Amino acid sequence: MPRPKALRSAEDVVPKLGVKAGVPALRIGDIATYDKIVEHLAGHLDRTELDLPLRFFAARYGLVLCFALEPVDLATLARELTRVTHPEGRIWVVVWKKDFLRGGAPSWEGIQEAILPTGWVDNKDLSFGDEAYGTQYVLRKERRL
């Protein structure tokens, strides 16, 4: 998987992700830059490649950080991200910025088209560096448990 050349520091990014103490987190993709501090704050961090379907229990994670920087089936990705994330949790999907989009990797628009029909809505964007940015998704209040 191609990797962004320069990512923002963990000190700049992680406080904005909404990690909750004692609530497990999941990182998907081959970018470990933020793992140590996310694991420290959450208390537990599972890691996996962008292999679908995800082999994790439903509604387990309070934070899912997905680096979607390679080709992936978007419908399956959206279904799996929303399945493993707790209704009170948040999903961050990191993609290439438009000028850096690479061979078949999903665009921001593609991610939006796949996730929004699930009932999860975007409510925050964050630059992860010069080449990649992420969007946070949360479940609509009326659909939470």
Side-chain angles (χ1 to χ4, degrees), residues 1-4 7-98 100-102 104-129 131-145:
M1 167 179 83
R3 301 172 64 100
L7 290 170
R8 289 177 60 198
S9 72
E11 293 79 16
D12 288 341
V13 171
V14 174
K16 297 173 182 160
L17 297 180
V19 180
K20 294 192 173 156
V23 180
L26 171 65
R27 189 254 302 148
I28 303 167
D30 191 30
I31 307 290
T33 305
Y34 309 109
D35 284 4
K36 189 173 185 178
I37 192 166
V38 168
E39 185 168 30
H40 175 75
L41 292 171
H44 180 86
L45 175 67
D46 285 329
R47 300 157 181 88
T48 188
E49 298 299 321
L50 190 56
D51 296 326
L52 302 175
L54 297 172
R55 310 238 186 267
F56 298 99
F57 292 113
R60 173 166 167 69
Y61 297 102
L63 172 73
V64 175
L65 178 58
C66 176
F67 291 93
L69 302 173
E70 60 187 272
V72 64
D73 179 274
L74 293 180
T76 303
L77 178 63
R79 186 173 56 253
E80 287 297 290
L81 291 174
T82 58
R83 182 185 66 79
V84 300
T85 306
H86 189 277
E88 298 282 333
R90 56 195 76 231
I91 300 167
W92 280 93
V93 181
V94 180
V95 296
W96 295 105
K97 290 182 178 178
K98 193 170 280 193
F100 298 95
L101 196 56
R102 299 199 169 116
S107 66
W108 179 84
E109 293 84 3
I111 295 290
Q112 288 285 95
E113 288 174 15
I115 292 184
L116 293 180
T118 69
W120 290 71
V121 295
D122 61 317
N123 73 345
K124 187 187 271 188
D125 292 315
L126 176 63
S127 175
F128 278 69
E131 299 177 341
Y133 63 102
T135 301
Q136 176 184 257
Y137 296 90
V138 295
L139 190 58
R140 292 182 191 273
K141 285 186 180 182
E142 63 270 12
R143 298 202 52 193
R144 295 181 192 163
L145 295 177

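As the structure is a computational prediction, the values presented were derived from the model and not from experiment.
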### Task
Check side-chain hydrogen bond (donor to acceptor under 3.5 Å, both in side chains) between Thr48 and all other residues, then give those that pass, not counting sequence neighbours.
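Thr48 satisfies side-chain hydrogen bond (donor to acceptor under 3.5 Å, both in side chains) with no residue once adjacent residues are dropped.
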Write down the atom of [X], the atom of [Y], and the distance for their closest heavy-atom approach.
| X | Y | result |
| --- | --- | --- |
| Ala10 | Ile37 | CB-CG2, 3.8 Å |
| Cys66 | Leu77 | SG-CD1, 4.0 Å |
| Thr85 | Leu81 | OG1-O, 2.7 Å |
| Val19 | Val38 | CG1-O, 4.1 Å |
| Ala42 | Ala25 | CB-CB, 4.1 Å |
| Lys97 | Tyr133 | CG-CD2, 3.0 Å |

To the nearest 0.5 Å, what is the distance between [atom1] on [X] and [atom2] on [Y]?
| X | Y | atom1 | atom2 | result |
| --- | --- | --- | --- | --- |
| Leu63 | Leu26 | CG | CG | 8.5 Å |
| Phe128 | Ser9 | CZ | OG | 11.5 Å |
| Asn123 | Gln136 | CG | CD | 4.5 Å |

Only pairs under 3.5 Å count here: list side-chain donor-acceptor contacts from residues 108-115, not counting sequence neighbours, and write none if there are none.
{"from": "Trp108", "atom 1": "NE1", "to": "Thr135", "atom 2": "OG1", "distance (Å)": "2.8"}
{"from": "Glu109", "atom 1": "OE2", "to": "Lys98", "atom 2": "NZ", "distance (Å)": "3.3"}
{"from": "Gln112", "atom 1": "OE1", "to": "Tyr137", "atom 2": "OH", "distance (Å)": "2.5"}
{"from": "Gln112", "atom 1": "NE2", "to": "Asp122", "atom 2": "OD2", "distance (Å)": "3.4"}

#### Entry: Non-hydrogen side-chain atoms of Asp30 and Glu70 separated by less than 4.5 Å
no
### Message
Measuring only between side-chain heavy atoms, which start at C-beta, is Leu65 closer than 4.5 Å to Ile31?
### Response
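In short, these two side chains do not touch, never coming nearer than 4.5 Å.
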### Under 3.5 Å: donor-acceptor pair, side chain of Trp92, backbone of Leu17
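At least one qualifying donor-acceptor pair exists.
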### Query
Are any side-chain N or O atoms of Glu80 and backbone N or O atoms of Leu54, one a donor and one an acceptor, separated by less than 3.5 Å?
yes
### Task
With sequence neighbours excluded, tell me which residues meet ring pair (Phe, Tyr, Trp, His ring centres under 6.0 Å) with Phe56.
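Applying ring pair (Phe, Tyr, Trp, His ring centres under 6.0 Å) to Phe56 gives Tyr61.
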### Matching residue for Pro106 among Leu69, Leu74, Asp73 - test: side chain to side chain contact (heavy atoms under 4.5 Å, CB included)
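Looking at Leu69, Leu74, Asp73, the match for Pro106 under the side chain to side chain contact (heavy atoms under 4.5 Å, CB included) is Leu74.
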### Query
More than 12 heavy atoms of other residues, nucleotides or ligands under 6.0 Å from NE2 of His40: is that the case?
no
### salt bridge (Lys or Arg N to Asp or Glu O under 4.0 Å) partners of Arg102, counting only residues at least two apart
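Residues passing salt bridge (Lys or Arg N to Asp or Glu O under 4.0 Å) with Arg102: Glu131.
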### Summary
Quick note, salt bridge (charged side-chain N to carboxylate O under 4.0 Å, His left out) partners involving residues 12-22, not counting sequence neighbours, are none
### Query
Which pairs, with at least one residue in residues 33-57 and sequence neighbours excluded, count as a salt bridge (charged side-chain N to carboxylate O under 4.0 Å, His left out)?
Arg27-Asp35, Asp35-Arg47, Glu39-Arg47, Asp46-Arg60
